[in-house]
4 protein chains.
Amino acid sequence: MPKVGMGPVRRKQLVDATISSIHTYGLADTTVTRIARSAGVSPGIVHHYFTDKDDLLFESMRQMLRSLKIEVLKRLKNSNTKAERLNAIIEASFSPEQFSPEVTSAWLALYASSRHSPGLFRILQLYHRRLRSNLLDALGGNNPQNLDKAEAIAALIDGLYLRAALNLDDSDMQQLQQLACKMSAKLAGN
Amino acid sequence: MPKVGMGPVRRKQLVDATISSIHTYGLADTTVTRIARSAGVSPGIVHHYFTDKDDLLFESMRQMLRSLKIEVLKRLKNSNTKAERLNAIIEASFSPEQFSPEVTSAWLALYASSRHSPGLFRILQLYHRRLRSNLLDALGGNNPQNLDKAEAIAALIDGLYLRAALNLDDSDMQQLQQLACKMSAKLAGN
Amino acid sequence: MPKVGMGPVRRKQLVDATISSIHTYGLADTTVTRIARSAGVSPGIVHHYFTDKDDLLFESMRQMLRSLKIEVLKRLKNSNTKAERLNAIIEASFSPEQFSPEVTSAWLALYASSRHSPGLFRILQLYHRRLRSNLLDALGGNNPQNLDKAEAIAALIDGLYLRAALNLDDSDMQQLQQLACKMSAKLAGN
Amino acid sequence: MPKVGMGPVRRKQLVDATISSIHTYGLADTTVTRIARSAGVSPGIVHHYFTDKDDLLFESMRQMLRSLKIEVLKRLKNSNTKAERLNAIIEASFSPEQFSPEVTSAWLALYASSRHSPGLFRILQLYHRRLRSNLLDALGGNNPQNLDKAEAIAALIDGLYLRAALNLDDSDMQQLQQLACKMSAKLAGN
DNA sequence: AATGAATGAGCCTTCATTCAT
DNA sequence: TATGAATGAAGGCTCATTCAT
């Protein structure tokens, strides 16, 4: 049953299975075999498409960040005022795609493990830089005061996301999004 | 070299070694043997004082939360105004004891793994409830508006903590503490 | 050197290696690693074919009992008189296949450990029921007197087997078989 | 609370705890710590009174065989006819002291493990020799025919004992004793 | 392209034994 | 005499990775 041109398809399958497995079993119990089974393929195939397990985890985080980036850009394109740009950034983070239980679980797990994984660390830094840059832009430029605000808003977003990942308050996306926007506006103000 | 009455001492040693090991090697590479060696004891002794590895991880988290609780209570005792009480809570979280690289690393790692560890999940919920309760109190009572504020401030604290854990901006405790206080005040205001 | 369709072959190899290892080292010193090495495979593969060590031990006992059952049925098929049927049962127990040093050693060891192993206990009960049933049939029906006789003959068989397993008298199969038949005939008579 | 002259007492305590532990947990799960706890002493004390664990197991078997020997001698002393002597031997094996669940369990477990334990092997050979000698005596002397009979009766005793150890037929001591006597008489006859 | 058998390193855990007290 | 803290060697088991097919 070998097929040609399966590369991209298999890669996506495996990345999705990885995210899903992290959500279901936790990162510690996410084994290559389990991922493969969940993707409906054999364990061996994983190393055909990915260098090793770390590479697969890395690509999973990358897919999530790529997806977030697209979401942000899409919304920024339609934003004209500062306030709109700020909301665009926040709403992107809490959009359905970025905020499914699977994605938040995987995000938290990989985020936490990034300290000891150079690859993950690197792309998460990129994400943070981009987020800060976007926020500074939405706040009206890079100055000490705005740096503080950007830092706080970024922390607010991550914090809300983080707490949602633990399902600590059975969080409703819609509601959380509104809270994030409202509070960010406060932080952005004087 | 067996000695009597070493129980509490050994337990503390092992918990500290665990926190330190998580920081140095990451949770995934924190093995019982490594913890024991780091504590200067043999691998076998770990199971003399803890049921199993999970128990040791649990107790490590517990020690951190207990320490935080003490810090908060100590500061709340000397706080009279609402603003002081709010600051007390925040400053406790960013006090030297709670905010060493070792502790933040361990906190993040265990926080992330709590979704699939009933014990960790439970005590983290307790922490969150207590934090919310303290914040509501500092904000002047439990009402819908304050609930939102408390949620946001809690997220801000966790978010700043989280980002510091990744050392993303080589954060300076002092500075972060001030930022947290300032921004929380904004969130608390109208 | 992975090959396809090796399942049944490997399972048989491992079961035989288990029986042999129990004979050579004793059940207490029969480790998974030792079994694997004796079968010429790696330790890890054992858990590819068996749930765990207990499962492997269970399957080893099962193979011995299955083999005995086949031997008994084969001989009963050619038996017409009561006396012949009684001899058939006994001779099967002391046939070369059932009575090698390896098999008797393993049989004794697993028999003894069955008290604390539900799986082993179950299949040994099946064996005992079948033996009793066969004996009652050979004795001419289920009545109190025959029950006593069956019990005694079964005990005689087990006892002789047991003592042979300890090699207490450097027992010769042929001779033992004859003794068992002769004495069983006595027990069967009035 | 060190006391002098505790030697014999402690040794008996530990041997009894060993037998009891084998019955309750099985030989494989009978650990030194468990034995000690069951005897109400500390794990370390075991090696004060016994060379090592094997020594303790050996002494446990020895106590059981010693007890059996005493029981046999006591009954033989009052036996005058051949038939009485035969019954004396059998009844001793199934007397309350020898036939408690604890003792039968321990007996079976140690019996089975004796193949790979020189010490156990030795004293069990002694037991077998004594049993054979007693039986030959009761049968009227050492000749080929009586050797066969003695062998069969010994096997019958061990077999019945063995099956009782597994509790395969919820055996009642009284009844089993009678069965053993009746069937032995058959085997002893011509 | 795909399978899954096979490896082997390493982890958690247990436990007989020793030893300071 | 007695404790129980401590060691260290093994054992069962898991799992990322490789490789013949």
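Just so we're on the same page: letters track the sequence lines, and every chain starts at 1.
- Close to E/dT13, at under 4.0 Å from its OP1 or OP2, lies a side-chain N or O of B/H47.
- Residues D/W107 and D/M61 come closest through the heavy atom pair CD1-CE, 3.4 Å.
- Side-chain N/O atoms of A/Q125 and A/R122 include no donor and acceptor closer than 3.5 Å.
- At the heavy-atom level, A/V41 lies under 4.0 Å from the strands shown only through sugar-phosphate atoms.
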Taking Watson-Crick (N1-N3 plus N6-O4 or O6-N4) and G-U wobble (N1-O2, O6-N3), each under 3.5 Å, can you produce the dot-bracket string of DNA chain F? Use [ ] for crossing pairs and | for inter-strand ones. .||||||||||||||||||||
What does the list of N/O pairs under 3.5 Å between the protein and nucleotides 8-10 of chain F look like, with a distance for each?
none

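- Atom CG of A/L56 and atom C1' of F/dC15 are 15 Å apart (whole Å).
- Rounded to an integer number of Å, the gap from CZ of B/R34 to C1' of E/dA9 is 14 Å.
- Nearest heavy atom pair, residue C/L120 against residue C/L110, reads CD1-O, 3.8 Å.
- The separation between D/F50 atom CZ and E/dT18 atom P is 16 Å, rounded to whole Å.
- Under a 3.5 Å cut-off, the side chain of B/H116 and the backbone N or O of A/T24 do form a donor-acceptor pair.
- Counting only distance, with no hydrogens or angles, the side chain of D/S105 and the backbone of D/P101 share a donor-acceptor pair below 3.5 Å.
- One N or O on the side chain of D/T18 and one on the backbone of D/L14 form a donor-acceptor pair closer than 3.5 Å.
- Contact check, C/H48 against E/dA6: no side-chain N or O comes under 4.0 Å of OP1 or OP2.
- For E/dA6, one of the phosphate oxygens OP1 or OP2 lies less than 4.0 angstrom from a side-chain nitrogen or oxygen of C/R10.
- The interatomic distance linking B/D29 (CG) with F/dA16 (C1') rounds to 13 Å, in whole Å.
- Spacing between atom CG of B/L27 and atom P of E/dC11 amounts to 13 Å, rounded to whole angstrom units.
- Atom CG of B/D52 and atom P of E/dC11 are 17 Å apart (whole Å).
- For the residue pair A/Q13 / A/R10, a side-chain donor-acceptor distance below 3.5 Å is found, with atom types taken as modelled.
- For the pair D/L14 CG and F/dT3 P, the computed distance is 10 Å after rounding to whole Å.
- The residue among C/V32 and A/T51 whose nearest nucleotide of DNA chain F is located toward the 5' end is C/V32.
- Looking at A/S60, its side chain does come within 3.5 Å of a backbone N or O of A/L56 through a donor-acceptor pair.
- Considering only side-chain N and O atoms, C/Y49 lies nowhere under 4.0 angstrom from the phosphate OP1 or OP2 of E/dA5.
- Atom-to-atom, CG of C/L57 to P of F/dG11 comes out at 15 Å; the value is rounded to the nearest Å.
- Of all heavy-atom pairs between B/D29 and B/R34, the closest is O-NH1, 2.9 Å.
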